[in-house]
Structure formats: structure tokens, C-alpha cells
Amino acid sequence: MSLILGIETSCDECSASVLLHERKAGVDHFLPLSVSTYTQIELHQPFGGVVPEVASRNHLEQVQPVILDALTKAKVEVEDVDAIAVTNRPGLIGALLVGVTAAKALAYATNKPLVPVHHLEGHLMSAFIGNPNIQFPAVFLMVSGGHTHIHYIEEPPMSWKRDVLKQSLFGRSIDDAAGEAFDKTAKILGFPYPGGKWIDENAKGGDPKAFDLPRGLKNKDSLDFSFSGLKTAVMLQYQTLEKLGKTEEMKKDLCASLQEAILDPLIKKTIRLAKDKRAKTIVIVGGVAANSRLRERFASESPVPVFYPDLKYCTDNAAMIAAAGAVRFAQGAGLSAQDYLTLNAFAIAES
Ligand code: KG4
Ligand code: ZN
């Protein structure tokens, strides 16, 4: 059993969490005792997207209050934790550096081991918080604001090697991520950032077949995605509707149609890989996993049980970072001061 303090500052959420990790009968159980998140969404909204420097500066103001809040809510002192886990890749470099520096300072001052965590491993792990019995082999669909990946993973987290993300990757977006496609098309339609939830809400009651929008990389064999063509098609369609004065009248239909164009390839390719590999489960993680139509369609189309993280663990949060850190810590990946004092942050996933 171990108590982990997780810290996440890779993008526009400044988050800390205290999480209890227990391994019972060979199964990992994660119990978040607290999650404290300061979201910068309102700060970036006027710009229509995340402004990296604004993000870094705000993390610098929020990171210590957020950590203190997480410890207070969990009713533990920092001395009580067994290790500190921090996202050190991938993400906005200035934003990552704030979290990594805060974690290093705290680990050094309290003489605790530090566990560097890959943000995407955190997203994969988010599904296990509250769902300890996910069966393997499993197909994971990771759909966030920055990434769209399909992974096929044969073993539970305790057996994951260091390069699990790379070795299990079967498909990815070659341009925009699914969340980015939601956000960019939502911006064209005049919705605030981040637009995914607005498209989701406004698509309800709309006709998903009203507009014939492109599905990228329809090629049967490819498990990759492409969403950049959709963005252009939506823009042209919206301009036509503007000329006809019909943007309001057709808004629901356009939202439903573009949502279907994003979801179609995600759902079809995930289910195809699950069938090909005879996976026992499908696991959907990342911000877009909150989409209600995606959940409705997987529920009716998937041949195997589908698992999701609780909604609060779909978007960026430190509980998933603490969970990923806990598993790596149990594997012996905790660094001592000698090693973590020179630990760096990396903007790209492959570092
Ligand atoms: O996982 P996340 O916090 O981002 C990254 O780590 O990059 O997810 C944020 C993304 C945004 O693109 C947002 O629009 C999308 O998740 N999102 C949704 C919904 N809720 C959030 N997309 C579609 N439907 C939703 N209900
Ligand atoms: Zn994320």
C-alpha cells in the first residue's frame, strides 16, 4: 500500500491529488483521497485556445495553493506520502517546467522519491480509478484535446514496460486530434473554447445525416485518423448557411453531422481492432470520452464491455498522474535526489 501525491501542469489544468494505491490479489486498486484542480479555461477563452505563456505564468501562481489544498482535503501532511509523482512529458514546455520544478523542490525538502510520469500513461490509467477489474487484452481509445491514439494492450498496468505506449500504438491522428477537431469546428460555429461540450449539447435533437461531411482515411486497413479536412468542410458549409441566413435554423443539424463525422472513424476503427484482436474490453479515455453520443454509440455497437473513467477523470487531472506514478513506483521507478535533481521536462511524447 502506498500514498502518492500527484502533480499535473502539462496544459491548462493545474492539479494535485493524494491517492491511495493498494495491490490486492494481483489487482491494482486506486482510491483518490483528494483532487484539487484549478482550471484556466476562463483565462484562455478570450483567445479561443490555450496561450502557452499565459498557462505557464498561471501555473506558477496556482501550483502551491493547489498542492496545499489537495493535502488539506485528504487530511494528510506531505511527510505522510510515500512518493511524489509529476507529469514531465508531453505538453507545453513552460507549463510542464512549473510542475516539475515544484515537485523537485517538494521532494527535496521532504526527502521523498520522485516519479516522472508520461501524461498519456496517466490518461490510460484514469480508467482504472473505480474500475479495477478491466479485463485484458484490451483496446484503448485515447481521445483528448492533444492526442488521438488507439492502443492494443495485452497485460494489466503492473506488467507495463517503460515503452508500453510506443509498443501498443496501433493508430493515431496524422493531423488534428479528435478534441481539437471538436474545438476548431466549434469555434467556426461561434461556441466558446473548449467547444466539445457545446457541440455535444447542441447536437441533441439534430439530424446527423443532414450534412454530408468527410470522414478522413476511410481506407479499410488503416487505423489512423485525419480530421483536418472536416474543419475546412465545416467552414465552407457554415459560410453557405451564413449567406442563406440559416445558421441558427440549421445549427443543431450541423452540430449533429460534424459530431458524427468525428465519431464515425473513432468508433468503427476501435471496434474493428477489438474484433481483430479478440480483445475482452474496450476502454475510452481523455476529454472526448465525456461525449454523450460517443457513449451511446459504443453502448449499442461494441461487441465487448466498454469502460470509461468517471467524468472528472476524463479531462486532465492529477489523480490519474498519481495512479500512473503509483504503478511505476511499485515497479521501482522512484528516483532519489541524486537522479531527479537533473530531471527534465519534454514537450513531445516520444522523449
Ligand atoms: O483530455 P483533455 O483534458 O485534453 C488534453 O489532455 O489534451 O480533453 C480536453 C478535450 C477538449 O478538446 C474538449 O473540447 C473535449 O476534450 N471535450 C469534449 C467533451 N467534453 C470535453 N469533446 C466532445 N464532447 C464532450 N462532451
Ligand atoms: Zn490530457
Side-chain angles (χ1 to χ4, degrees), residues 6-15 17 35 37-41 44-45 48-50 52 55 86-92 95-96 99 117-127 129 140-149 165 172-173 176-189 191-204 206 208 225 227 230-231 255-256 258-264 266-267 283-298 308-324 347-349:
I7 300 171
E8 155 65 36
T9 65
S10 69
C11 190
D12 57 349
E13 321 284 350
C14 189
S15 184
S17 169
V35 188
T37 303
Y38 181 87
T39 176
Q40 302 179 350
I41 285 178
H44 299 290
Q45 234 155 26
V50 179
V86 65
T87 309
N88 82 323
R89 70 210 138 108
L92 302 171
L96 285 166
V117 172
H118 196 298
H119 181 80
L120 302 185
E121 207 170 291
H123 273 300
L124 293 184
M125 209 66 80
S126 66
I129 304 174
F140 285 74
L141 173 66
M142 190 189 316
V143 271
S144 72
H147 296 88
T148 301
H149 287 182
L165 285 160
R172 65 190 306 173
S173 173
D176 293 344
E180 215 175 342
F182 271 109
D183 296 342
K184 287 180 175 171
T185 50
K187 195 172 172 181
I188 296 169
L189 271 57
F191 293 116
Y193 171 83
K197 68 167 184 180
W198 299 107
I199 300 281
D200 189 350
E201 263 172 41
N202 282 274
K204 291 191 175 115
F225 306 100
F227 296 111
L230 175 66
K231 191 175 55 194
C255 285
L258 79 85
Q259 175 170 266
E260 216 66 2
I262 297 173
L263 298 184
D264 254 348
L266 294 175
I267 293 165
V283 183
I284 325 275
V285 298
V288 180
N291 185 270
S292 59
R293 176 75 178 147
L294 175 137
R295 290 180 178 228
E296 190 183 288
R297 283 196 54 187
F298 266 115
Y308 299 89
D310 194 286
L311 279 182
K312 61 178 175 290
Y313 303 125
C314 285
T315 47
D316 288 349
N317 66 88
M320 69 185 194
I321 301 304
I348 56 169

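Whatever order the structure lists them in is the order used to number ligands and atoms, beginning at 1.
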Below 4.0 Å from ligand 1: does a non-hydrogen atom of Gln259 turn up there or not?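 Flag not set, Gln259 not near ligand 1.
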Tell me the nearest of Ser126, Ser292, Gly145 to atom 9 (C) of ligand 1, using heavy-atom distances.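 Among Ser126, Ser292, Gly145, the closest heavy atom to atom 9 (C) of ligand 1 comes from Gly145.
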Under 3.5 Å, side chain of [X] to main-chain N/O of [Y], donor-acceptor pair present?
{"X": "Thr87", "Y": "His119", "value": "no"}
{"X": "Asp176", "Y": "Ala181", "value": "no"}
{"X": "Asn317", "Y": "Thr315", "value": "yes"}

Would you call Lys231-Glu180 a salt bridge at under 4.0 Å N-O?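 A salt bridge is absent here (no side-chain N lies under 4.0 Å from a carboxylate O).
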Phe225 side, atom CZ; Leu141 side, atom CG - distance, nearest 0.5 Å: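 These two atoms lie 6.0 Å from each other.
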Nearest-neighbour protein heavy atom for [atom], which is reported as residue plus atom name and distance:
{"atom": "atom 24 (N) of ligand 1", "result": "Asn291 ND2, 3.0 Å"}
{"atom": "atom 22 (N) of ligand 1", "result": "Gly196 CA, 3.4 Å"}
{"atom": "atom 6 (O) of ligand 1", "result": "Asp316 OD1, 2.8 Å"}

When you measure from the Zn ion (ligand 2) to each N, O or S atom of Asp316, which atom gives the shortest distance?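 In Asp316, the N, O or S atom with the shortest distance to the Zn ion (ligand 2) is OD1.
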His123: which N/O/S atom is nearest the Zn ion (ligand 2)?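 Distance check against the Zn ion (ligand 2) picks out NE2 in His123.
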Could you list the atoms of ligand 1 found under 4.0 angstrom from a heavy atom of [X]?
{"X": "Cys314", "value": "1 (O)"}
{"X": "Gly287", "value": "1 (O), 2 (P), 8 (O), 16 (O), 17 (N), 18 (C), 19 (C), 20 (N), 21 (C)"}
{"X": "Gly179", "value": "12 (O)"}
{"X": "His123", "value": "1 (O), 6 (O)"}
{"X": "His119", "value": "6 (O)"}
{"X": "Asp183", "value": "11 (C), 12 (O), 13 (C), 14 (O)"}
{"X": "Ala290", "value": "20 (N), 26 (N)"}
{"X": "Asp200", "value": "24 (N), 25 (C), 26 (N)"}

Please determine if the Zn ion (ligand 2) has an N/O/S atom from Cys11 lying under 2.8 Å away.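 Checking Cys11: none of its N, O or S atoms is under 2.8 Å.
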Got an N, O or S from His119 under 2.8 Å of the Zn ion (ligand 2)? yes
Check: Lys197 N/O within less than 3.5 Å of ligand 1 N/O: no
Should Gly146 be counted as touching ligand 1, given the test is an N or O pair under 3.5 Å?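 So ligand 1 has an N or O lying under 3.5 Å from an N or O of Gly146.
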Would you check if Pro192 and Lys187 make a side-chain contact, meaning some heavy-atom pair closer than 4.5 Å? no
